[in-house]
There are 2 protein chains.
Amino acid sequence: MVVTEATTTKSRLLEAAGQEFAQKGYDAASIRKICDRVGANCAAVNYHFGSKEQLYLEALLEAHRCGTQVIPEEFLLQGTPAEQLARFIHHFLKNVVALAQKNTWHHTLMLREMIQPTVALETLVREAIRPKFERLLGILRRACPDVDDRRLHALAFSVIGQCLHYRTAGEVNRRLIGEDAYESLDLEFLSHHISGFCLAALGLAPPLVQSHTVSSSDVKA
Amino acid sequence: MVVTEATTTKSRLLEAAGQEFAQKGYDAASIRKICDRVGANCAAVNYHFGSKEQLYLEALLEAHRCGTQVIPEEFLLQGTPAEQLARFIHHFLKNVVALAQKNTWHHTLMLREMIQPTVALETLVREAIRPKFERLLGILRRACPDVDDRRLHALAFSVIGQCLHYRTAGEVNRRLIGEDAYESLDLEFLSHHISGFCLAALGLAPPLVQSHTVSSSDVKA
DNA sequence: GCACGTTTCAAACAGTCGTTTCAATCAACT
DNA sequence: AGTTGATTGAAACGACTGTTTGAAACGTGC
């Protein structure tokens, strides 16, 4: 599929590079294929970007520039801490995990960088990830004012880990429970589930499910 | 570092291939470097394994053969469902996430396959992952007998997601909260944290932290 | 029309990749 | 010793990689 829009060759290369890198990874992606996709000569990459590594870096920056639509601070701060957390989780699932819009390469590329870091990770964390992380820490701090930093960090990772799992291990999950069952785990359900799970753990909502009582001594049937 | 044990060339190749594939990924790893590490000729790979892809596949099988020490069923079934879940989480963190033993390539390679699947994923899921997953489902089913399958799956993913996050996003986490703070999240602390978090969410333990009460109308200070 | 800097192009560069070939080596058995 | 089959070795294969080169093509200002 050859993309030939009325934009510049450089921007078209960046777009194609983002898709190719996201899909195949840095090593497996080739600049010849990237150039072919936009109908450009393979020398164009070195002319516009200098090298393959620079192209990858610029694609990564483009990814977190386009992929991270920042929520207005004031929208996020509305309501109780519990509501703020639920809103954060919903937004995180919707945008970062991006279950619905599978054709965007931006978050896929950032995920790749997270999992197998290159020299670009430092910048990515500083520019894109840390701001969001600090917001989550703020919400959790307001929700549980008395916890120390260590517990606070672990709480944040518990929230993020649950969300990201559907991205990082999506293909495994799909095979574990079957195609149909996995598709039924849509944004709405997962958003409610993870919110309820976390809020219950924090004592900000009733337990997710009615289980055996804690006190009863049921040592297995 | 050249490894020259008294084992066969084939097994030494497999070991070196596992390390190389785990460290660099399938594409970036080269069979010449693998052979160099064990002092073998690069034709040895094609002689013993047929192709690079077959070598990768066998390394992956070796990984889940050596890396998954199955817990005796009867040890896992002791105590209440809550205790079983805590024990599962502890074991999962200890072995799969392997925070302590960083020099083993087995789980790194399997993680890679999970995140960036090849044709080998099907086998890996069937042989290594699903059995453990079914055990977790069993525990959760005993802990919450009344939930439907959809909720059950989401619960299992919440447990696994929290644990795996320290593997998949370890480097990002480290940079987000700092080296020292991340090192303080050791196996014991994380095991207790995630267990407490999940059990509280299920109503099998008191909330992790004392937060603002649910009923109070604190609309933000 | 002419010269200018920018952009594109085909071609070749040196290097690495996975794989193949075939001769040399080795251990084991008659 | 001699033969057989399994294993290793150096070298080359064709295909691909990222990168460089130098000449065309382009639009723009004089």
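Every chain is numbered from 1 and lettered A, B, ... according to where its sequence line falls, protein lines coming before strand lines. We use all heavy atoms of the structure for the numbers below, so side chains are in, but hydrogens, waters and symmetry mates are not.
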Next item on the list: Assign A28(B) to base, sugar-phosphate, or nothing according to its heavy-atom contacts below 4.0 angstrom with the strands shown.
Entry: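 Touches nothing.
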
Notebook entry, point to check: Counting only heavy atoms not in E53(A), do more than 12 fall under 6.0 Å of its CD?
Noted result: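 For E53(A), atom CD is not crowded (no more than 12 foreign heavy atoms under 6.0 Å).
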
Note to self: Output the rounded distance in Å from CG (N41(A)) to P (dT20(D)).
What the structure shows: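 N41(A) atom CG is separated from dT20(D) atom P by 14 Å.
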
Item checked: Residue pair E122(B) / R175(A), side-chain heavy-atom distance below 4.5 Å ->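 A side-chain contact exists here, since the closest heavy-atom pair is under 4.5 Å.
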
Next item on the list: Specify the separation, in whole Å, of atom NZ of K10(B) and atom P of dA6(D).
Entry: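 Going from K10(B) (NZ) to dA6(D) (P), I get 13 Å.
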
Check: Atom NZ of K52(A) to atom C1' of dT17(D): distance rounded to whole Å?
Finding: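 For the pair K52(A) NZ and dT17(D) C1', the rounded distance is 8 Å.
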
Note to self: Between the side chains of E15(A) and R12(A), is the shortest nitrogen-to-carboxylate-oxygen separation below 4.0 Å, so that they form an ion pair?
What the structure shows: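 E15(A) and R12(A): not salt-bridged.
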
Check: Just to confirm, is there a sub-4.0 Å distance from OP1 or OP2 of dT8(C) to any side-chain nitrogen or oxygen of T9(A)?
Finding: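 So the side-chain polar atoms of T9(A) do come within 4.0 Å of the phosphate oxygens OP1 or OP2 of dT8(C), strictly under.
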
Next item on the list: Could you check how far CZ of R32(A) sits from P of dC13(C), rounded to whole Å?
Entry: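 Roughly 14 Å, once rounded to whole Å.
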
Check: Do K10(A) and F49(A) meet the cation-pi criteria used here (NZ or CZ under 6.0 Å from the six-membered ring centre, within 45° of the axis)?
Finding: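 Yes.
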
Next item on the list: Among dA6(D), dT8(C), dT19(D), find the nucleotide with the atom closest to the side chain of C42(A).
Entry: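 The answer is dT19(D).
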
Margin query: dT19(C), OP1 or OP2 - any side-chain N/O from N46(B) closer than 4.0 Å?
Written below: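 Indeed, a polar side-chain atom of N46(B) lies that close.
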
Next item on the list: Taking all non-hydrogen atoms of both residues into account, name the closest pair between L121(B) and E113(B) and its distance.
Entry: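 Taking every non-hydrogen atom into account, N-OE2, 3.1 Å.
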
Notebook entry, point to check: Can you check the L57(A) CG to dG18(D) P distance for me, whole Å?
Noted result: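 Answer to the nearest Å: 16 Å.
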
At a cut-off of 3.5 Å, list every protein nitrogen or oxygen paired with a nitrogen or oxygen from nucleotides 23-26 of chain C, distance to 0.1 Å.
none

Notebook entry, point to check: Between Y47(A) (OH) and dT21(D) (P), how many Å, whole number?
Noted result: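 Going from Y47(A) (OH) to dT21(D) (P), I get 15 Å.
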
Margin query: Can you confirm whether F197(A) sits close enough to L155(B) that some side-chain heavy atom of one is under 4.5 Å from a side-chain heavy atom of the other?
Written below: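 Counting from C-beta outward, F197(A) and L155(B) do come under 4.5 Å.
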
Next item on the list: Between A43(A) and S30(A), just flag the one whose closest nucleotide in DNA chain D comes earlier from the 5' side.
Entry: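 Closest to the 5' end, via its nearest nucleotide, is S30(A).
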
Margin query: Less than 4.0 angstrom between a side-chain N/O of K33(B) and OP1 or OP2 of dC17(C), yes or no?
Written below: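 Result: yes.
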
Check: Given atom CD1 of I31(B) and atom C1' of dG18(C), what is their separation to the nearest angstrom?
Finding: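 I31(B) atom CD1 is separated from dG18(C) atom C1' by 5 Å.
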
Next item on the list: Provide, to the nearest angstrom, the distance between the CZ atom belonging to F49(A) and the C1' atom belonging to dT20(D).
Entry: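 Computing the F49(A):CZ to dT20(D):C1' distance gives 18 Å.
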
Item checked: Side-chain N or O of H48(A) closer than 4.0 Å to phosphate OP1/OP2 of dT6(C) ->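 Answer is no, no contact under 4.0 Å.
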
Note to self: Just so I know, are the side chains of R174(B) and E179(B) near enough to count as touching, which here means a heavy-atom distance under 4.5 Å?
What the structure shows: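 In contact.
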
